[in-house]
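Source: prediction; values computed, not measured. One-based numbering, in listed order, for ligands and for the atoms of each.
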Amino acid sequence: MISSYIANDNDTIIAPATPAGGAICVIRLSGAKAIELCDKVFHGRKALKDAVAATLHYGFIKDGDEVIDDVVIGLFRSPHSYTGEDVVEISSHGSRYIVERIISLFRDMGVRMAEAGEFTRRAFLAGRMDLSQAEAVADIIAADSRASLTVAATQMRGAYSAELQELRDKLLHITSLLELELDFSEEDVEFADRTQLAELLNTLHDKVSSLARTFALGNALKHGVVVAIAGRPNVGKSTLLNIFAGEERAMVSDIAGTTRDTIESICNIDGVTYRFIDTAGMHATSDRLEKMGIERTEQALRKAHIILWVCENDVCNIISDLDGFIPNNEQKVFRIINKIDLNPNKPIELQNCPYPTLGISAKTGEGISTLIDNLSAAVDTSTAFNGDVIVSNQRHYEALHQAENSLSSAITALKNNTSADLMSEDIRQVIYHLGTITGEITSEDILKNIFSKFCIGK
Ligand code: GDP
Ligand code: MG
């Protein structure tokens with residue numbers, strides 16, 4: 001199943017690489033005929049075919065005698081280009097009309113519109129990058145915070161690939177020793193020292209499982225840390241959400257049950273995207289709409305990384321059992337005592353509460369900066385900003401998980417003195433799963449699935 005994807009990889013393809021409406025549009029061409037065909041419509045100081053690679057050229061794009069636009073062309077020659085093919089990047093004025101005219105000139109000469117992600121797919125097929133790096137390109141384009149960008153950039157620049165390659169080399173070394181034993185099986189020899197083998201397998205297992213464990217953080221950094229704001233009606237949840245939103249995003253009133261649906265607001269704190277979700281107040285109700293709202297609150301609570309359980313500074317209203325919701329071990333819960341402006345001298349009620357407690361006033365803003373500091377401290381970004389490899393892709397996580405299982409079974413096989421061939425099979429499985437991450441092992445379906453999610457022109 002080695003790279004069996006067969007696209008029409010010989011055609012020359014074209015697509016705008018920038019969205020419509022900007023001052024300048026970059027139109028990208030890639031393929032064996034890119035330079036030759038561009039010379040037919042580009043009129044500059046010299047023909048592109050005679051120009052040195054990695055240079056810029058000013059001139060006109062003409063349709064017959066008609067000048068369509070003044071352009072600057074970036075010229076790249078195979079294999080030193082993004083796709084590994086000859087690439088021409090035309091920077092024209094950003095008018096939709098100009099872009100359409102230029103593209104249709106090339107289409108008339110037989111150039112095909114690129115599919116989503118096709119430039120990057122070609123880069124992968126040409127060996128310019130491995131699959132995990134190609135996937136990181138899409139993540140970089142989608143990055144909306146310093147943290148999500150850092151995670152994607154580390155992956156795109158190859159730190160992840162290098163770690164996987166190192167693991168793979170060690171595994172290949174083990175299989176080669178084990179297979180040597182198989183060749184000499186009649187003679188009952190052991191080329192692979194069993195103690196060293198056990199050490200190596202354990203080290204690899206720890207490495208793979210620690211990589212897999214980074215996924216929880218990577219996923220939160222990539223898609224945003226989900227913070228559910230929950231509690232009884234009227235405690236000030238929507239007022240708190242509005243602070244993070246910086247506007248009246250959620251309706252605030254003293255009527256219990258004002259918030260019926262969950263409302264989300266995105267906010268960047270210290271380079272990390274947080275998705276605050278305001279929820280309907282938890283309480284027993286017979287109102288059908290409110291009941292639906294409370295169900296959504298429960299859903300929001302389940303997917304939250306952080307829960308802000310809001311209450312008032314009043315013993316009767318202090319709920320330490322989160323109204324029946326049981327957080328999992330990964331979730332961080334804060335009890336937020338709101339409306340401290342109403343009774344400034346009253347000490348904050350700490351009774352019966354297993355969670356860190358903070359006093360705030362969503363009305364006056366008191367305590368909010370401490371709350372923000374706590375939210376920031378709840379997400380450990382030090383590894384990400386340090387450039388450590390953090391897994392943020394579900395597909396990679398699943399492959400790592402499978403690799404981890406196969407390593408466990410190899411370790412068990414070794415403990416039980418199982419024959420070299422069975423152990424070797426487990427290790428081959430590990431190599432296989434790691435290979436799916438970097439794309440050494442892949443299939444048409446996987447590639448289609450990955451690249452179809454890219455934008456056109458990338
Ligand atoms: P929710 O039902 O939990 O979403 O609560 P709301 O945000 O709608 O607020 C309920 C009522 O409490 C409104 O009248 C708010 O103005 C008021 N309120 C919210 N936060 C504070 C606060 O910190 N201090 C005071 N004094 N009133 C607040
Ligand atoms: Mg509300």
Side-chain angles (χ1 to χ4, degrees), residues 225-267 269 274-325 327 331-351 353 355-375:
V225 177
V226 178
V227 184
I229 305 178
R232 291 274 168 99
N234 254 333
V235 292
K237 300 180 295 300
S238 299
T239 313
L240 182 58
L241 177 98
N242 288 341
I243 291 187
F244 292 114
E247 60 177 351
E248 291 285 305
R249 194 68 185 76
M251 255 197 309
V252 169
S253 89
D254 54 7
I255 307 165
T258 302
T259 308
R260 300 240 157 148
D261 204 351
T262 50
I263 295 178
E264 187 173 314
S265 178
I266 288 176
C267 185
I269 299 173
Y274 288 76
R275 291 166 51 203
F276 290 91
I277 303 180
D278 183 20
T279 63
M282 300 281 273
H283 71 127
T285 174
S286 54
D287 182 302
R288 221 160 60 85
L289 270 181
E290 224 189 331
K291 264 192 176 155
M292 282 164 71
I294 292 172
E295 268 169 36
R296 292 199 176 190
T297 300
E298 282 161 5
Q299 281 169 16
L301 283 170
R302 273 195 294 276
K303 72 173 182 186
H305 299 106
I306 299 175
I307 295 169
L308 301 183
W309 196 270
V310 186
C311 25
E312 289 179 34
N313 198 10
D314 160 358
V315 183
C316 334
N317 208 359
I318 285 174
I319 308 134
S320 55
D321 66 354
L322 312 187
D323 266 356
F325 179 77
Q331 291 179 310
K332 295 206 167 82
V333 180
F334 291 93
R335 189 177 59 156
I336 306 297
I337 308 284
N338 190 27
K339 308 195 187 182
I340 54 170
D341 56 298
L342 288 181
N343 248 327
N345 298 323
K346 186 173 176 188
I348 287 183
E349 185 56 66
L350 291 169
Q351 199 175 290
C353 185
Y355 308 114
T357 301
L358 300 169
I360 66 159
S361 166
K363 197 167 198 166
T364 66
E366 198 183 338
I368 297 296
S369 64
T370 312
L371 170 57
I372 289 176
D373 290 346
N374 276 274
L375 288 173

Query raised in the report: Has ligand 1 got any nitrogen or oxygen that is less than 3.5 angstrom from a nitrogen or oxygen of Lys363?
Result: yes
Query raised in the report: Between Pro233 and ligand 1, does any nitrogen or oxygen pair lie at a separation below 3.5 Å?
Result: no
Query raised in the report: For ligand 1, does Val252 get within less than 4.0 Å through its side chain, its backbone, both, or neither, judged by non-hydrogen atoms?
Result: both
Query raised in the report: Tell me, which protein residue and heavy-atom name are nearest atom 20 (N) of ligand 1, and how many Å apart are they?
Result: Asn338 ND2, 3.1 Å
Query - Exam field: side chain Tyr274 to backbone Leu375, donor-acceptor pair closer than 3.5 Å - result: yes
Query raised in the report: Looking at ligand 1, does any of its N/O atoms fall within less than 3.5 Å of an N/O of Lys339?
Result: yes
Report task. Give a yes or no on whether the backbone of Gly367 and the side-chain of Ser369 come within a donor-acceptor separation of less than 3.5 Å. Result -> no
Query raised in the report: For the atom pair CD (Glu312) and CG (Asn338), what is the distance rounded to the nearest 0.5 Å?
Result: 7.0 Å
Report summary line: For Ser253, the ligand 1 atoms with a heavy-atom partner under 4.0 Å come out as 8 (O), 9 (O), 10 (C), 11 (C), 13 (C), 14 (O)
Query raised in the report: What residue among Val226, Thr297, Ile307, Leu241 forms side-chain contact (heavy atoms from CB on, under 4.5 Å) with Ile277?
Result: Val226
Query raised in the report: So do Lys363 and Leu342 actually touch side chain to side chain, heavy atoms under 4.5 Å?
Result: no
**Report entry** Region of Asn234 engaging ligand 1 - heavy atom pairs below 4.0 Å
**Finding:** both
Query raised in the report: Got Val235 and Trp309 here, is their nearest side-chain heavy-atom distance under 4.5 Å?
Result: no
Query raised in the report: Is Lys237 reaching over with its side chain to a backbone N or O of Arg232, donor-acceptor style, under 3.5 angstrom?
Result: yes
Query raised in the report: Is any side-chain heavy atom of Leu240 closer than 4.5 Å to a side-chain heavy atom of Ile360?
Result: yes
Query raised in the report: Going by the atom numbers of ligand 1, which of them fall below 4.0 Å from some non-hydrogen atom of Lys237?
Result: 1 (P), 2 (O), 3 (O), 4 (O), 5 (O), 7 (O)
Query - Enumerated ligand 1 atoms positioned under 4.0 Å from heavy atoms of Ala362 - result: 20 (N), 23 (O)
Report task. Name the option, out of Thr239, Asp341, Val235, that contains the heavy atom nearest to atom 19 (C) of ligand 1. Result -> Thr239
Query raised in the report: What about Gly236: any of its N or O atoms under 3.5 Å from an N or O on ligand 1?
Result: yes
**Report entry** Backbone or side-chain N/O/S of Ser238 under 2.8 Å of the Mg ion (ligand 2)
**Finding:** yes
